[in-house]
Amino acid sequence: MKKLNRTHMCGHLNQNHVGKKVTIMGWVQRRRDLGGLIFIDLRDREGIVQVVFDAKKCGKYFDDAEKLRNEYVIAIKGDVVERAQETVNTKISTGYIEVVARELDILSTSQTPPFMIEDNTKVSDAVRLKYRYLDLRRPKMQQNLILRHNVCKWIREFLDEKGFLEIETPMLTKSTPEGARDYLVPSRIHPGAFYALPQSPQLFKQLLMLSGYDRYYQIARCFRDEDLRADRQPEFTQIDIEMSFIDVDDIIDLNERMLAKIFKNALDIDIELPLPRMTYKEAMDRYGSDKPDTRFGLELKDVSDIVKNSDFKVFTNAIEKGGSVRAINAKGCGASFSRREIDGLVDYVKDYGAKGLAWIIVEEEGLKSPITKFFNVDCLDALLENLNGEPGDLLLFVADKDEIVFHALGELRLELGRRLGLMNDSQYNLLWVTEFPLFEYSEEEKRYVAKHHPFTSPMEEDIDYLETEPKRVRSKAYDIVLNGIEIGGGSIRIHDSKLQERMFKALGFTEEQAWERFGFLLKAFQYGVPPHGGIAYGLDRLVMLLAGEDSIREVIAFPKVQNASDLMTEAPSPVDQKQLKELHIKLDI
RNA sequence: GGCCCGGUAGUUCAGUUGGUUAGAACGCUAGCCUGUCACGCUAGAGGCCGAGGGUUCGAGUCCCUUCCGGGUCGCCA
């Protein structure tokens with residue numbers, strides 16, 4: 001048989017093609033052999049179409065059709081015919097027609113695959129990832145990667161219209177001390193020296209602003225050698241953006257327009273602009289999180305003032321040490337939760353560092369709780385009023401350092417939201433969180449470290465506290481949050497070298513250390529720097545949320561598993577002694 | 001690095017207080033079948049129960065070690 005040329009994609013065929021001779025190619029999804037009649041579901045990227053083999057129509061090719069098995073790659077030449085009314089399949093877009101085969105060419109055979117190539121196939125992640133090339137044939141995976149492609153395309157279109165230039169920055173670069181653990185690449189030419197793979201293009205994009213490129217973006221691969229999670233891979237993709245001569249509002253305005261375009265195109269959802277904004281402080285006070293899920297209530301309340309004079313030492317001690325007592329009213333859970341479930345919540349908060357979880361059940365007859373005996377009637381009344389406690393409610397309290405109270409109650413709130421089914425999957429709450437603290441204290445290093453990064457600008461009104469009260473300095477940093485997940489974050493940068501020096505000093509760097517680590521940047525900053533700032537999105541997370549998936553693996557073609565290995569290629573793997581010798585490396589394992 | 005869950009046929013799973021020859025479904029193979037679309041019917045193949053060690057008359061089942069996968073805390077400027 002002479003070589004066939006494809007005329008159509010399987011999934012594109014419809015009633016408009018009835019009567020046409022077509023040549024289609026693809027993978028055998030399924031064979032239904034009725035003896036004298038064989039049906040083949042043929043699959044390509046665009047969908048599935050039914051092919052019919054009838055010996056009267058395809059003659060000698062019928063014998064070949066009998067040999068077909070799942071995942072064989074074939075070419076079919078045939079006629080598109082309308083199906084009889086009673087044989088229409090409304091489950092597929094091509095279900096009103098079928099292709100009556102005239103010729104068949106088996107282009108490639110296949111072993112029986114370890115799992116069926118279909119969306120609802122039940123198979124473990126380990127098997128899927130070992131045979132990722134087969135997993136990627138599943139329509140859902142193909143749709144996810146097509147969505148990812150489209151999101152990138154829309155972003156490029158949008159930023160191009162706004163005058164942004166896409167510029168590449170190095171993958172082999174210099175290790176910087178702050179932040180995550182670096183992936184290192186040994187230098188052959190410089191024995192004992194290493195490149196680092198970029199954690200982000202941060203310093204390069206700032207230098208591009210200094211160089212006058214005004215508006216930059218890049219869809220950039222980034223690397224961080226830290227433990228994996230469902231939403232974290234060691235290599236991931238950032239949409240990295242930087243602009244000159246702007247302030248916070250300019251960046252927020254541009255980015256929410258871009259997000260609105262993405263949501264409109266991807267989900268046909270009209271995002272109302274401007275997006276809500278919330279300060280970091282308000283987010284922590286109300287939700288115990290700097291990335292609040294605002295789809296439901298169950299907000300935190302500070303009850304420190306009410307309980308500070310009680311006899312309950314757990315509460316009063318926490319307050320005396322500078323901490324707080326905060327509470328959530330789990331509406332209706334006093335009536336619906338068993339004692340066992342409440343004990344489960346107590347265990348739950350312990351994972352987040354809380355030493356315990358105090359609870360009060362509000363009933364018609366009064367309060368049920370192990371701790372009410374420590375409080376007088378006025379105090380209990382005040383608690384009920386403050387927390388809007390009504391019969392059937394469950395009041396939950398954590399007392400500790402603020403940091404722990406927020407973490408424990410913030411996570412407890414999310415857990416309650418999940419248990420009570422309060423998270424609406426079809427709701428997309430976008431929110432800016434602003435005015436992040438410039439520093440956070442590192443117990444491990446016994447010093448202040450940059451919460452965002454060391455180049456983040458403080459807010460003008462707080463600059464005077466840089467040396468005296470670093471804890472209270474707020475920054476021009478902002479995060480964009482979607483349903484409780486941080487999808488992006490950025491800041492206005494420091495463009496004044498004097499201020500940058502003060503910043504490094506506050507971080508505990510000597511001048512020598514600062515120059516050793518960031519000398520090229522400090523040097524550059526002596527040559528005229530425009531005010532500038534930017535943002536970076538986690539593309540994987542954004543696409544994951546748009547695709548309705550719960551792991552970024554579902555939107556990455558070849559992801560890694562929890563121990564950072566690739567089950568398909570089996571990377572990482574040992575290398576030859578010769579390679580190590582060239583790199584001047586001796587193993588110590 | 002800590003904690004939790006899991007590992008039995010190609011796949012997803014069941015497997016009683018430790019007790020004959022380890023099961024099911026789907027998939028696979030062969031035969032029959034001209035309107036199926038999760039085709040149907042008949043027959044069949046397929047297992048080092050993750051690996052190693054221990055307890056026991058006897059281990060898929062109990063204990064220890066280890067490997068693998070998942071979740072999570074720490075970590076992730």
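So that the names make sense, note that chain A is the first sequence line, chain B the second, and so on, each numbered from 1.
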Separation between the C1' atoms of B:rU29 and B:rA45, rounded to whole Å
7 Å

Find the partner of B:rU16: check Watson-Crick (N1-N3 plus N6-O4 or O6-N4) and G-U wobble (N1-O2, O6-N3) distances, both under 3.5 Å, and reply none if neither fits.
none

Could you walk me through whether A:E66 and A:F53 pass side chain to side chain contact (heavy atoms under 4.5 Å, CB included), step by step?
CA-CA 9 Å; A:E66 284 183 319; A:F53 287 93; over 6 Å; no

A:F115 ring over B:rU11 six-membered base ring, under 5.5 Å and 30°:
no

Can you check the distance between B:rA38 and B:rG27, where both ends of the measurement are the C1' atom (answer in whole Å)?
12 Å

A:I404 atom CD1 is separated from B:rG74 atom C1', nearest whole Å, by 13 Å

Looking at every strand, decide which applies to A:V123 at a 4.0 Å heavy-atom threshold: base, sugar-phosphate, or nothing.
sugar-phosphate

Which part of the nucleic acid, if any, lies within reach of A:S200 when heavy atoms closer than 4.0 Å are counted: base, sugar-phosphate only, or nothing?
base

Looking at B:rC37, does its base get a donor-acceptor pair with the side chain of A:R83 below 3.5 Å?
yes

Checking B:rU72, B:rG35, B:rU34 against the side chain of A:E98 (C-beta onward), the nearest is B:rG35

Donor-acceptor contact present, side-chain A:R447 to main-chain A:L507, <3.5 Å:
yes

Checking all strands, does A:D33 fall into the base, sugar-phosphate, or nothing category for heavy-atom contacts under 4.0 angstrom?
base

Using Watson-Crick or G-U wobble geometry with both distances below 3.5 Å, tell me the partner of B:rA25, or none.
B:rU11

A:D41 CG - B:rG35 P separation (whole Å)
17 Å

A:D182 side-chain N/O to A:L184 backbone N/O, donor-acceptor pair under 3.5 Å
no

Span that lies between the C1' atom of B:rU12 and that of B:rC73, in whole angstrom
31 Å

Whether A:R229 contacts B:rC75 is assessed here as follows: a side-chain N or O lying under 4.0 Å from the phosphate OP1 or OP2. Is that the case?
no

Whether the side chain of A:R229 engages the backbone of A:D227 through a donor-acceptor N/O pair (distance < 3.5 Å, no angle test) should be reported.
no

As a test of understanding, state which of A:Q29, A:Q111, A:R43 forms a side chain to side chain donor-acceptor pair (under 3.5 Å) with A:E71.
A:R43

Could you check which nucleotide pairs with B:rG6 in any of the strands shown, counting Watson-Crick or G-U wobble with both distances under 3.5 Å?
B:rC68

What's the gap between B:rC62 and B:rG7 when it is taken at their P atoms, as a whole Å value?
11 Å

Of the options B:rC37, B:rU12, B:rU36, whose atoms approach the side-chain atoms of A:F39 most closely?
B:rU36

With a 4.0 Å cutoff (strictly under), does any side-chain N or O of A:S565 reach OP1 or OP2 of B:rG69?
yes

B:rU8 versus B:rA24 - spacing of their C1' atoms, nearest Å
13 Å

Integer angstrom distance from the C1' of B:rG47 to that of B:rC37
34 Å

Any protein N or O atoms within reach of nucleotides 25-28 of chain B? Criterion: under 3.5 Å, listing atom names and distances.
{"residue": "B:rC28", "atom": "OP1", "partner": "A:N70", "partner atom": "ND2", "Å": "3.4"}

Start with the C-alpha gap between A:Y441 and A:K471, add the side-chain angles, then the distance that decides, and say whether side chain to side chain contact (heavy atoms under 4.5 Å, CB included) holds.
CA-CA 8 Å; A:Y441 191 74; A:K471 211 168 75 178; over 6 Å; no

Between A:Q202 and A:K560, who's closer to the 5' end of RNA chain B by nearest nucleotide?
A:K560

Would you say that more than 12 heavy atoms from the other residues, nucleotides or ligands in this model lie under 6.0 Å from the CD of A:E469, or not?
yes

For B:rG58, what is the paired nucleotide under Watson-Crick or G-U wobble rules, both distances under 3.5 Å?
none

A:D400 (side chain) donor-acceptor with A:A354 (main chain) under 3.5 angstrom:
no

What is the distance, to the nearest angstrom, from the CZ atom on A:R31 to the P atom on B:rA38?
17 Å

Side-chain H-bond candidate by donor/acceptor type, A:D479 with A:Y280, under 3.5 Å:
no

Tell me, with the steps shown, if A:L300 and A:M284 meet side chain to side chain contact (heavy atoms under 4.5 Å, CB included).
CA-CA 9 Å; A:L300 281 59; A:M284 296 306 285; over 6 Å; no

Of the nucleotides B:rG69, B:rG10, B:rG70, which has the atom closest to the A:R553 side chain?
B:rG70

Nearest whole Å is fine: how far is B:rU36 C1' from A:Q29 CD?
15 Å

Closest to the side chain of A:Q50, out of B:rC37, B:rC76, B:rU34, is B:rC37

What is the base-pairing partner of B:rU42, counting Watson-Crick and G-U wobble geometry with both distances under 3.5 Å?
B:rA30

Euclidean distance, atom CD of residue A:E440 to atom P of B:rG74 [Å, nearest integer]
12 Å

Say whether, by atom type as modelled, one donor and one acceptor occur between the side chain of A:E511 and the main chain of A:F504 under 3.5 angstrom.
no

Can you tell me if A:H407 touches the phosphate of B:rG74, counting only side-chain N or O atoms and a distance under 4.0 Å to OP1 or OP2?
yes

Please give the distance between the P atoms of B:rU16 and B:rG6 as a whole number of Å.
14 Å

Any N/O donor-acceptor pair, A:R232 side-chain to B:rC76 base, under 3.5 Å
yes

Identify whether any heavy atom of A:K56 sits under 4.0 Å from a base atom; if not, whether one sits that close to sugar-phosphate; answer base, sugar-phosphate or nothing.
base

Taking atom C1' in both B:rG69 and B:rA51, what distance in whole Å separates the two?
15 Å

N or O in side chain of A:S124 less than 4.0 angstrom from B:rG7 OP1/OP2:
no

When A:E226 and A:A230 are each assigned the nearest nucleotide of RNA chain B, the 5'-most assignment goes to A:A230

Are OP1 or OP2 of B:rU36 and a side-chain N or O of A:R32 less than 4.0 angstrom apart?
no

Write down the distance between CG (A:L37) and C1' (B:rG40), rounded to a whole number of angstrom.
14 Å

Nearest whole angstrom, please: distance from the P of B:rG1 to the CG of A:D227.
9 Å

Students often get this wrong, so: under 4.0 angstrom with heavy atoms, is A:L567 touching a base, only sugar-phosphate, or nothing?
sugar-phosphate

Rounding to a whole Å, what distance do you find between A:K130:NZ and B:rG70:P?
14 Å

